[in-house]
> 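Handing you this structure, nothing more for now.
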Amino acid sequence: MNYWLAKSEPEEYSIDDLKKDKVCHWDGVRNYQARNYMREMQKGDLVLFYHSNAAPPGVAGVMKVVKIAYPDPSQFDKKDKHFDPKSTGDNPRWFCPDLKFERKFKQFISLSELRNTKGLEKLPLLQRGSRLSVHPVSKREFEIIVGMGT
DNA sequence: GCCAACGTTGGC
DNA sequence: GCCAACGTTGGC
């Protein structure tokens, strides 16, 4: 069982959208390192939902992996903004898992609160210049954050 | 909207 | 393989 953090801009797709949809394809990720992490996700893994480019940015809740990564359909769709002409059906570049709504935190945890929390110093999100949209979180870090949101 | 940090592309 | 130019991310 592993833990992760995944970012989305709430204007694009927020935790409330996911609550309504129940399950979503975590598609559109076009960064190799983030893709590799998504391919490591196993069914049942828990994922923190981070609102980026928001006011304020922060962690909004928890999702669960319900389907392991498969080729991201948006890479083949010419009309999609994530279309990738270099990707073929035989050799897809991009993958996405399906994530299910687990819960929305009673207490939204802002980025500045995360920065001020002991034990989260190594969280990749908080490292200088980190822009990685999907990354692992340790069990301890996950527990600290969930504890703050409850 | 600004801009620093980072990733990707492509000429050489 | 280097690296400048360019594009994107994301906090502020």
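Here the structure is a predicted model, which is why all the values come from computation and not from measurement. Letters A, B, ... are given to chains in the order of the sequence lines, protein chains preceding strands, and every chain is numbered from 1.
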> So, for A/W4 and A/F49, is the gap between ring centers shorter than 6.0 Å?
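Distance test on ring centres: not under 6.0 Å, no.
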
> Measure from the side-chain N and O atoms of A/T117 to the backbone N and O of A/L120, and report whether any donor-acceptor pair falls under 3.5 Å.
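Side chain of A/T117 to backbone of A/L120: no pair is present.
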
> Let me spell it out: for each of A/G129 and A/R93, pick the nucleotide of DNA chain B with the closest heavy atom. Which residue's pick is nearer the 5' end?
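Checking each residue's closest nucleotide, the 5'-ward one belongs to A/G129.
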
> Is the shortest distance from a Lys or Arg side-chain nitrogen in A/K81 or A/E12 to a carboxylate oxygen in the other one below 4.0 Å?
yes

> Can I get a per-line list of side-chain donor-acceptor pairs under 3.5 Å for residues 132-140 of chain A, giving both atom names and the distance, sequence neighbours left out?
unit_1, atom_1, unit_2, atom_2, d
A/H135, NE2, A/L125, N, 3.2
A/S138, OG, A/E141, N, 3.1
A/S138, OG, A/E141, OE1, 3.2
A/K139, NZ, A/E143, OE2, 3.1

> Strictly under 4.0 angstrom, non-hydrogen atoms only: write out the protein contact profile of nucleotides 2-11 of chain C, one letter per nucleotide from the 5' end, B, S or -.
-----BBBBB

> Using a heavy-atom cut-off of under 4.0 Å over every strand shown, decide if A/R128 touches base, sugar-phosphate, or nothing.
sugar-phosphate

> Is it true that A/D72 and A/R93 have a side-chain N and a carboxylate O under 4.0 angstrom from each other?
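Not counted as a salt bridge, because no side-chain N and carboxylate O are separated by less than 4.0 Å.
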
